[in-house]
Enquirer: 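Okay, here's the structure, questions in a sec.
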Amino acid sequence: MHRRIIVPGALGAASLMLAIPASAAAHSPGAPGIGDPYYPAYGNGGYDVSHYDLRLKYQPATDRLEGTATILARTTEDLSRFNLDFLLDVGEVRVNGAKASFTTSGEQELEITPAKPLAKGSALTVVVRYSGVPSSKEAFGFTSWHRTPDGGVAANEPEAAAWWFPSNDHPRDKATYDVSVQVPDGTQAISNGTLQSTSSRLGWTRWNWRSDKPQATYLATLAVGRFDLTTGTTESGVPVVNAYSKDLGANDGAARASVERTGEIADWLTGYFGPYPYNAIGGYVPNTDTGYALETQTRPFYSPRQFANGSNVSVVVHELAHQWYGDLVSVRDWKDIWINEGFARYAQWLWSEHEGEGTAQELADYTYASHPADDPFWTVRPGDPGPENQFDLAVYDRGALAVQALRNEIGDEDFFAVLKGWPARYAHGNASVADFQRYAEEVSGKPLAALFDTWLFQPTRPDAPAARAASLAPAQDTPAQPRSWRKIAATNDVHGH
């Protein structure tokens with residue numbers, strides 16, 4: 001029963017206000033979104049996560065996941081309430097040891113009200129007990145959990161976390177991870193980072209993984225199924241763990257012939273991007289029917305379809321390049337996706353040079369010539385493509401054209417200094433396209449606003465004089481197709497989610 005209290009006069013109203021504790025009046029709910037213009041509901045305001053501890057149990061036969069997530073964070077404002085992004089069914093929430101009330105709202109919001117308001121700058125420990133069937137959950141009309149014949153996989157961009165753990169689901173809030181997963185004996189659980197230990201008891205095996213460097217939520221991954229694991233080390237001494245579904249069929253050989261070169265490719269990329277930033281590396285190929293790959297941190301996800309036509313080393317180059325461009329330095333907002341995809345595509349062009357199958361310039365010339373002025377390809381602006389075009393081919397290919405144009409404008413010495421210096425400047429953080437332009441201008445000493453505007457922000461094909469100035473328009477009408485072109489084109493759906 002609710003009683004309505006009527007207080008006569010202004011003095012009564014003032015007395016009522018004074019009865020409210022000043023500390024409570026100063027606290028307010030954290031925002032339900034972090035402020036990304038493409039995805040207003042993604043992420044949350046009011047706190048910053050430092051660590052996720054996930055203790056899970058998964059039953060492949062039923063796709064049932066049970067979990068306890070312990071989240072370590074610090075408040076960034078006075079909070080009366082805060083949100084996590086999550087889709088499974090929650091049984092209990094505790095904040096700093098005390099039970100908290102909770103409810104759900106929107107597509108994926110878990111609203112938590114602690115027993116006591118939280119002061120700005122205070123340590124925050126959140127424990128969430130949950131369960132559910134991830135493949136049965138949808139948000140925004142889709143699911144990011146992939147059911148497989150022998151288990152399930154969490155891997156998608158720009159979101160996947162909400163299907164298996166509660167989080168502040170945006171690249172701006174990176175954290176370290178411990179992921180411990182109990183699965184039936186004979187089944188493997190794959191995640192990011194290093195495998196700390198395994199143990200078996202009463203028909204169940206627990207796999208304990210650790211990522212000890214800051215990691216965006218969409219880069220956290222979980223794959224449960226029947227895998228064959230291979231191990232080794234790179235030439236520089238980084239441990240390698242690769243995993244292949246035992247049901248890859250005819251794609252098995254091509255998948256292994258590609259992913260087993262991970263260490264070699266990572267060592268090669270250090271010559272362009274600087275030291276490899278993590279203490280583990282690898283890749284995994286589950287038995288999914290998806291067609292894309294993803295740069296999940298330290299352990300990229302590859303779908304079997306990437307190897308349907310034979311080995312595909314170029315896709316491995318692409319995903320490993322993201323370990324620097326996308327993982328080590330992540331987007332500030334999702335509109336900054338060019339910094340991820342333009343440079344990962346350009347790494348494929350550099351690999352083509354390395355293999356003697358066409359220089360980056362030849363690939364740029366051929367790409368430019370392949371798209372006439374009236375091709376919709378040129379209407380997509382890689383520097384701010386919009387959420388509907390975030391993974392459009394133009395973000396990759398026109399994005400790489402912009403990288404080559406930059407190279408031609410500032411010269412190889414400064415260009416390769418930028419390529420290596422950028423990951424070091426913003427290591428484990430976030431940055432925007434504008435940040436990249438400023439950094440390239442700082443290194444080269446040249447004004448670059450016009451070049452960036454032409455190649456990244458104008459919804460038209462750069463005209464012939466501009467293209468010639470950037471050495472992207474060869475004298476002949478149709479340049480020869482580089483030998484690597486088909487291999488690179490085979491990865492065009494690499495992030496076609």
Side-chain angles (χ1 to χ4, degrees), residues 153 155 157 190 192 219 221 223 227-236 238-245 248 251-273 276-278 280-288 290-328 340-358 360 363 391 396 400 423 483-496:
V153 176
E157 184 183 15
I190 309 301
N192 312 81
L219 298 173
T221 192
F227 289 97
D228 177 32
L229 272 64
T230 66
T231 61
T233 58
T234 68
E235 191 172 306
S236 57
V238 179
V240 181
V241 177
N242 296 323
Y244 308 91
S245 169
L248 292 179
N251 293 326
D252 182 78
R256 291 173 186 261
S258 307
V259 179
E260 287 298 307
R261 297 185 69 180
T262 290
E264 170 199 349
I265 293 164
D267 282 335
W268 172 77
L269 283 168
T270 64
Y272 291 101
F273 299 154
Y276 180 70
Y278 308 112
I281 200 169
Y284 74 95
V285 190
N287 186 18
T288 68
T290 58
Y292 61 84
L294 184 64
E295 64 269 20
T296 40
Q297 192 162 305
T298 71
R299 193 145 291 109
F301 157 84
Y302 303 97
S303 72
R305 277 167 50 189
Q306 291 290 329
F307 311 106
N309 295 318
S311 62
N312 189 345
V313 176
S314 191
V315 73
V316 178
V317 172
H318 185 103
E319 301 309 331
L320 291 180
H322 276 313
Q323 303 304 302
W324 288 265
Y325 281 78
D327 295 11
L328 179 61
N340 294 16
E341 303 304 345
F343 285 86
R345 174 66 97 205
Y346 196 77
Q348 295 175 272
W349 290 9
L350 292 173
W351 179 258
S352 172
E353 286 190 358
H354 174 70
E355 294 289 277
E357 295 184 337
L363 283 158
F391 301 108
Y396 297 72
R483 282 198 297 146
S484 61
W485 177 261
R486 292 186 183 277
K487 295 178 185 178
I488 295 170
T491 69
N492 282 349
D493 62 350
V494 64
H495 291 173

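Just so you know, these numbers come straight off a predicted model, no measurement behind them. These values consider heavy atoms only, across backbone and side chains, with no hydrogens, waters or symmetry-generated copies.
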Enquirer: Is the ring pair Trp324/Tyr276 parallel, tilted or perpendicular, if the boundaries are 30 and 60 degrees?
Expert: perpendicular
Enquirer: Among Asp267, Ile265, Thr270, which residue satisfies the side chain to side chain contact (heavy atoms under 4.5 Å, CB included) criterion with Thr234?
Expert: Asp267
Enquirer: Considering the options Thr230, Asp228, Asn251, which one meets the side chain to side chain donor-acceptor pair (under 3.5 Å) requirement together with Arg256?
Expert: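 For Arg256, the side chain to side chain donor-acceptor pair (under 3.5 Å) check succeeds only for Asp228.
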Enquirer: Just say parallel, tilted or perpendicular for the rings of His354 and Trp268, cut-offs at 30° and 60°.
Expert: tilted
Enquirer: Do the side chains of Glu341 and Arg345 get nearer than 4.5 Å, heavy atoms only?
Expert: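 The answer is no, as the side chains (C-beta and beyond) never meet within the 4.5 Å cut-off.
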Enquirer: Please tabulate, for the side chains in residues 310-317, all donor-acceptor contacts under 3.5 angstrom to protein atoms that are two or more places apart in sequence or on a different chain.
Expert:
unit_1: Asn312; atom_1: OD1; unit_2: Val315; atom_2: N; d: 3.2
unit_1: Asn312; atom_1: ND2; unit_2: Gln306; atom_2: O; d: 3.0
unit_1: Ser314; atom_1: OG; unit_2: Gln348; atom_2: NE2; d: 2.7

Enquirer: Would you indicate whether the side-chain heavy atoms of Phe301 and Thr290 approach each other to under 4.5 Å?
Expert: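 They are in contact (side-chain heavy atoms under 4.5 Å apart), so the answer is yes.
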Enquirer: Quick check: closest heavy atoms across Leu294 and Ala155, and the distance to 0.1 Å?
Expert: CD2-C, 3.8 Å
Enquirer: What residues, two or more places apart in sequence or in another chain, satisfy side chain to side chain donor-acceptor pair (under 3.5 Å) together with Asn242?
Expert: Glu260
Enquirer: So, taking the atom named CH2 in Trp351 and the one named OH in Tyr272, what distance separates them when rounded to the nearest 0.5 Å?
Expert: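 That separation rounds to 10.0 Å.
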Enquirer: Decide yes or no for Phe307 and Val285: does some side-chain heavy atom of the first lie under 4.5 Å from some side-chain heavy atom of the second?
Expert: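 Yes, at least one pair of side-chain atoms sits under 4.5 Å.
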Enquirer: Among all residues two or more places apart in sequence or in another chain, which pass the side chain to side chain donor-acceptor pair (under 3.5 Å) test with Tyr284?
Expert: Thr221
Enquirer: Is there a side-chain contact between Pro300 and Leu320 (heavy atoms, below 4.5 Å)?
Expert: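 In short, these two side chains touch, coming nearer than 4.5 Å.
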